[in-house]
Amino acid sequence: MRSRAGRRGCYIPAPHSIHAIHAHLGVPMDALTTYLEQHRDRFVEDLKAALRIPSVSAKAEHKQDCARCAAFIADHLKSLGMTRVEVVPTAGHPVVYAEWLGASGKPTALLYGHYDVQPPDPLELWQTPPFEPTLRDGKLYARGAVDDKGQVYMHLKAIEAHMKVNGKLPVNLKVVIEGEEEVGSENLAKFLRDRRKQLDADVIVVSDTAMLGPDQPALTIGLRGICYTQIEVVGPVKDLHSGHFGGAVRNPANALAAIIAGLQDAEGRATVPGFYDQVRALTADEQRALNALPFDEKGFIAESGAPIAWGEKGFNTLERTTVRPTLDVNGMWSGYTGEGSKTVLPSFAAAKVSMRLVPDQDPAAIFKAFEAHVKRIAPSGVTVKVKDLHSAPPFLTSPDHPMLEAARRALKRAWTKPPVYIREGGSIPVMATFQETHDLPSILIGFGLDDDQVHSPNEKISLTSYHGGTKSVAYLYEELARTT
Ligand code: BES
Ligand code: MN
Ligand code: MN
């Protein structure tokens with residue numbers, strides 16, 4: 001307990017806190033807000049404890065850590081007063097389930113988040129170790145700080161605040177925190193189908209997305225889907241001397257380069273036949289709304305560190321990253337990549353290629369078209385295999401729903417600027433599954449920032465986002481209760 005509140009509740013606010021401003025202006029603060037203000041420091045300590053568990057879902061060596069993280073979150077949910085807390089085994093990493101159903105006559109929210117994280121590599125680029133959360137300049141650095149443990153903890157701390165202040169939640173709540181989001185949520189669909197009835201709700205709530213700027217809250221109404229593939233090219237049965245055999249047989253690395261070069265044209269368009277056929281054009285209203293967004297393109301490109309903006313011709317950066325599909329090599333390997341030189345004609349080359357998809361592209365159809373295209377453009381003299389590693393359909397929901405109105409009100413209360421509706425470029429595979437199993441309105445209320453270094457070394461969460469997010473979701477539960 002390192003909160004400023006102290007044991008006897010004599011609270012000395014930081015000079016810049018909202019509490020101080022309110023006190024100064026003579027505006028009384030409600031008990032919930034006061035609790036959130038008073039326990040900020042401990043909320044950070046609680047998050048740190050979760051961030052110390054290296055729950056890397058992609059790596060077999062971290063299987064136990066994933067199980068430990070699930071148990072840790074489950075224990076925490078129990079300590080908050082949630083009932084029926086379970087750690088549910090799956091064919092992969094466990095799912096954490098909890099509920100609190102004491103708000104009779106009030107709506108039921110289904111909260112989704114993920115406790116798994118991306119691998120932290122390359123380790124040498126971290127300023128402080130990825131699983132030793134460290135505060136620097138009002139930011140907390142660790143793998144998972146914002147994606148997604150930090151955002152899960154916003155909800156856990158909001159639940160705590162309601163329970164401590166009122167002894168209850170304003171709405172009924174079901175919580176699903178999974179451990180395989182970063183590897184495609186392959187086993188979650190079965191869990192959702194098996195428990196369809198138990199998971200019935202009025203609204204889905206997810207905090208795993210971003211804001212449009214540090215003081216510009218946003219509600220996300222669209223996410224891109226994904227089709228993630230691997231291309232494998234085999235030539236000779238073994239590596240060969242590149243002098244003795246060079247010139248006699250096709251080099252698979254050269255062949256792979258030719259294939260990759262044939263996937264995109266000079267103007268940034270994917271060349272897979274039919275790739276754009278199902279892309280739904282924006283309506284005039286959607287285009288107008290997108291154009292009106294206060295998107296900081298310069299800052300966004302600067303944050304990337306790339307020399308210039310580049311992408312599909314005829315579209316701007318915001319369109320390219322949200323409402324247009326893409327095709328990208330995520331990695332490629334072949335032959336000798338060690339120190340110095342080795343003269344070798346490799347027997348094998350491979351690349352991981354992903355496509356981000358938008359409505360109404362269908363991942364299965366896109367994979368088929370992609371595989372056929374790769375096979376068609378593959379040069380002779382090598383054998384080529386294309387694997388479907390994982391996929392998820394795109395997600396789009398309407399902003400015109402009373403539940404989203406409630407989320408708007410919550411964000412308006414917590415921030416100075418009112419929220420905007422955005423579509424985002426990332427994917428959350430479960431969103432499309434939820435549409436199929438539950439077909440509920442979905443609130444994507446996220447607090448990431450462009451410079452959070454998500455999936456990259458030195459991932460962080462800004463404390464402004466953490467505390468602002470916690471307050472936002474605490475208010476969200478109140479506002480959801482007002483929808484009936
Ligand atoms: N939280 C992200 C998704 C996200 C990122 C939404 C940026 C909005 C903006 C999520 O954890 C993620 O990284 N998803 C993966 C899914 C993939 C592994 C199927 C992604 O988008 O790469
Ligand atoms: Mn995430
Ligand atoms: Mn992620």
Are Leu188 and Val95 close enough, and set up right, to give a side-chain contact (heavy atoms from CB on, under 4.5 Å), and what steps lead you there? CA-CA 8 Å; Leu188 189 64; Val95 175; 3.9 Å; yes
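- Residues forming a side-chain contact (heavy atoms from CB on, under 4.5 Å) with Ser456 (at least two apart in sequence, or on another chain): Gln453.
- By the ring pair (Phe, Tyr, Trp, His ring centres under 6.0 Å) test, Phe295 is found to be paired with Phe300, residues two or more places apart in sequence or in another chain being considered.
- Checked against the 6.0 Å centroid criterion, the rings of His373 and Phe275 do not qualify as a close aromatic pair.
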Could you pull out every donor-acceptor pair under 3.5 Å between side chains of residues 335-345 and any protein atom, sequence neighbours left out?
unit_1, atom_1, unit_2, atom_2, d
Tyr336, OH, Glu339, N, 3.3
Tyr336, OH, Glu339, O, 2.5

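- His155 meets the ring pair (Phe, Tyr, Trp, His ring centres under 6.0 Å) test with Tyr477; sequence neighbours excluded.
- Within the structure, every pair that satisfies the side chain to side chain donor-acceptor pair (under 3.5 Å) test and touches residues 209-218, not counting sequence neighbours, is listed here: Asp215-Lys417.
- Partners of Asp277 under the side-chain contact (heavy atoms from CB on, under 4.5 Å) rule, at least two apart in sequence or in another chain, do not exist in this structure.
- Distance alone, capped at 3.5 Å, places no donor-acceptor pair between the Gln278 side chain and the Asp362 backbone.
- With hydrogens and angles left out, the side-chain atoms of Thr271 and Asp265 include no donor and acceptor closer than 3.5 Å.
- Gln151 contributes atom CD, which lies 8.5 Å from atom OG of Ser465 (distance to the nearest 0.5 angstrom).
- Remark: Tyr228 pairs with His390 by the ring pair (Phe, Tyr, Trp, His ring centres under 6.0 Å) rule, at least two apart or across chains.
- Under the ring pair (Phe, Tyr, Trp, His ring centres under 6.0 Å) criterion, Tyr115 pairs with no residue, sequence neighbours left out.
- Legend: residues meeting salt bridge (Lys or Arg N to Asp or Glu O under 4.0 Å) with Arg195, ordered by chain and number and at least two apart, are Glu86.
- Residue pairs meeting the ring-ring contact (aromatic ring centres under 6.0 Å, His included) criterion with at least one partner in residues 231-268, sequence neighbours excluded, do not occur; the list is empty.
- Applying the ring-ring contact (aromatic ring centres under 6.0 Å, His included) definition to pairs two or more places apart or across chains, none involves residues 426-448.
- Every residue two or more places apart in sequence or in another chain that forms a side-chain contact (heavy atoms from CB on, under 4.5 Å) with Gln264 is listed here: Trp310.
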